[in-house]
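Report on one structure; see the data block that follows.
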Amino acid sequence: MSEIFKGIPAIAYEGKDSKNPLSFKYYDPDRVIMGKKMSEHLPFAMAWWHNLGAAGTDMFGRDTMDKSFGASEKATMEHARAKVDAGFEFMEKLGIKYFCFHDVDLVPEADDINVTNERLDEISDYILEKMQGTDIKCLWGTANMFGNPRFMNGAGSSNSADVYCFAAAQIKKALDVTVKLGGRGYVFWGGREGYETLLNTDVKFEQENIARLMRLAVDYGRSIGFTGDFYIEPKPKEPMKHQYDFDAATAIGFLRQYGLDKDFKLNIEANHATLAGHTFQHDLRISAINGMLGSIDANQGDTLLGWDTDEFPWSVYEATMCMYEVLEAGGLTGGFNFDSKNRRPSNTYEDMFHGFILGMDTFALGLIKAAALIDDGRIDEFIKERYASYKTGIGAKIRSGNTTLEELAAHAADLKAPADPGSGRQEYLESVVNQVLFS
């Protein structure tokens with residue numbers, strides 16, 4: 001097989017003073033931080049759909065990038081195999097150990113689902129061949145149940161029982177392929193699981209059907225030997241106006257309501273959290289305190305644009321606060337998938353590498369600085385002290401559950417007026433973050 005990314009070497013760590021654009025400035029996979037190698041803290045993954053498929057098309061213009069990778073014609077099995085070749089060369093040159101996929105990222109979808117499944121069998125055999133002799137693995141798989149017109153009214157939430165069956169068929173096959181490739185997880189991204197207007201929607205009916213489909217997927221996955229986590233990936237809007245997986249808290253409530261919380265965790269995407277009106281670290285914290293922080297789609301949105309821009313992460317502030325949450329939670333069961341794409345004018349093969357170098361370096365620096373924040377200790381110590389009134393006396397009784405409403409009311413009556421609750425010192429704590437980031 002001939003080299004696809006000619007002239008681009010294996011990307012090495014050269015340190016923060018390097019001016020070589022094809023090098024890592026902060027991502028040093030063997031550097032030990034808080035007892036683990038950086039590569040263990042940061043199991044990076046390549047998103048098949050963006051990196052090997054997205055060619056710069058937007059609603060106003062056609063492709064700006066050539067992602068044929070030497071195939072004579074796109075949307076063919078020749079092209080599917082060329083993408084496999086390109087993907088493995090790309091991952092090996094960057095030292096990336098994982099990939100993620102949708103079913104129809106891997107092969108062109110046929111009009112007959114049986115033909116699509118035959119193509120998936122063929123391409124997954126080829127991927128297995130490519131995996132041999134490497135340490136590259138599948139992080140997670142999923143089914144694209146939003147692109148085909150049959151899913152215009154949703155998949156699990158569809159008003160059509162026939163469409164619901166097609167969704168089930170795609171999930172079954174995507175699980176088969178995920179298990180075949182040794183995937184650690186399986187994701188549900190409800191891209192059209194929502195509604196445009198309540199005038200034609202039975203919300204309770206639709207949510208119950210989505211939950212049934214997820215339970216069937218869990219049962220089938222376990223029956224074929226899948227031992228990993230299932231994930232929900234929250235997103236508040238786009239393409240549907242009102243999506244049922246709005247944010248982390250909504251998704252957690254859904255999972256608990258329908259008894260799915262033992263098998264599911266959350267795959268949190270930065271850009272989706274900000275579209276929901278939250279910070280990235282908010283959805284990470286909500287997931288973590290509920291025991292459901294599973295995996296991360298590492299990207300960044302544009303605050304000036306109200307849609308999912310999927311930019312490569314470059315904000316060290318955001319990456320630091322993300323890694324602070326991950327470290328405090330004890331790490332992920334999944335990994336960091338770059339659900340990111342180059343900007344439309346960044347249309348060369350070299351730009352593909354620049355995007356991943358940017359993202360990997362940003363999260364590596366975020367890891368370094370998050371560990372420094374934890375080692376510094378001032379933020380953790382301030383938080384502990386802020387809630388110190390619950391360590392003794394009436395506060396301790398509140399926390400232990402060993403009190404009554406009458407007792408609390410009597411305590412308040414004795415005080416006549418509460419003590420000053422104390423300053424939150426937000427500005428001071430933000431200055432601590434700046435000091436650690438830039439010292």
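Note that the numbering runs from 1 along the sequence shown for the chain. Side chains included, hydrogens not; waters and symmetry mates left out as well; all remaining heavy atoms used.
Using cut-offs of 30° and 60° on the angle between ring planes, the pair F230 and F226 is perpendicular.
Considering only residues two or more places apart in sequence or on other chains, Y195 meets the ring pair (Phe, Tyr, Trp, His ring centres under 6.0 Å) condition with H242.
Looking only at side-chain heavy atoms (C-beta outward), L367 and L327 come within less than 4.5 Å of each other. Contact annotation: the side chain of M323 approaches that of F336 to within less than 4.5 Å [non-hydrogen atoms, C-beta and beyond]. Between D63 and K74, some side-chain heavy-atom pair lies under the 4.5 Å cut-off. Using a 4.5 Å cut-off on side-chain heavy atoms (C-beta onward), W140 and N267 make contact. Contact of the L52 side chain with the M46 side chain is registered, since non-hydrogen atoms from C-beta on lie closer than 4.5 Å. V84 has its side chain within reach of W48: a pair of non-hydrogen atoms, C-beta onward, lies under 4.5 Å apart. Between P108 and T76 there is no side-chain heavy-atom pair separated by less than 4.5 Å. Between N144 and W49 there is no side-chain heavy-atom pair separated by less than 4.5 Å.
The pair K172-D176 meets the salt-bridge criterion, since a charged nitrogen lies less than 4.0 angstrom from a carboxylate oxygen. Between K180 and D125 a salt bridge is recorded (basic side-chain N to carboxylate O distance below 4.0 Å). Using a 4.0 Å cut-off between charged nitrogen and carboxylate oxygen, E129 and R81 do not count as a salt-bridge pair.
Outside the 6.0 Å centre-distance limit, the rings of F353 and Y349 are not counted as a close aromatic pair.
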Donor-acceptor contacts, no H, no angles, side chain residues 208-219, under 3.5 Å, sequence neighbours left out:
{"unit_1": "E208", "atom_1": "OE2", "unit_2": "K204", "atom_2": "NZ", "d": "2.5"}
{"unit_1": "N209", "atom_1": "OD1", "unit_2": "R212", "atom_2": "NH1", "d": "3.1"}
{"unit_1": "R215", "atom_1": "NH2", "unit_2": "G259", "atom_2": "O", "d": "3.0"}

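When all heavy atoms are compared, the tightest approach of L266 to P234 is CD1-CG, 4.4 Å. When all heavy atoms of E14 and N20 are compared, the closest pair comes out as OE2-ND2, 3.1 Å.
Between the T320 side chain and the A370 main chain, no donor and acceptor come within less than 3.5 Å of each other.
Crowding of Y317 atom OH: a count of heavy atoms from other residues, nucleotides or ligands under 6.0 Å exceeding 12.
Put simply, the residue from D245, D308, D310 that forms a salt bridge (Lys or Arg N to Asp or Glu O under 4.0 Å) with K235 is D308. Of the candidates F363, Y13, F44, Y27 forms a ring pair (Phe, Tyr, Trp, His ring centres under 6.0 Å) with just one, namely F44. Checking T178, T116, D121 one by one against K173, the side-chain hydrogen bond (donor to acceptor under 3.5 Å, both in side chains) holds for a single residue, D121.
In the model, S68 has a side-chain atom that pairs as donor or acceptor with a side-chain atom of D66 under 3.5 Å. Judged by distance alone, the side chains of D302 and T309 never bring a donor and an acceptor atom under 3.5 Å apart.
The cationic atom of R192 (NZ for Lys, CZ for Arg) does not lie both less than 6.0 Å from the six-membered ring centre of F151 and within 45° of the ring axis.
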Legend entry - side chain to side chain donor-acceptor pair (under 3.5 Å) assessment of T201 paired with E206: CA-CA 8 Å; T201 303; E206 292 191 358; 4.7 Å; no
Inset, instruction - Walk me through it: do D339 and N337 pass the test side chain to side chain donor-acceptor pair (under 3.5 Å)? - result: CA-CA 6 Å; D339 185 13; N337 172 47; 5.3 Å; no
Inset, instruction - Report the C-alpha separation of N342 and D351 in whole Å, then their side-chain angles, then the decisive distance to 0.1 Å, and conclude whether the side chain to side chain donor-acceptor pair (under 3.5 Å) test is met. - result: CA-CA 7 Å; N342 291 102; D351 288 318; 5.6 Å; no
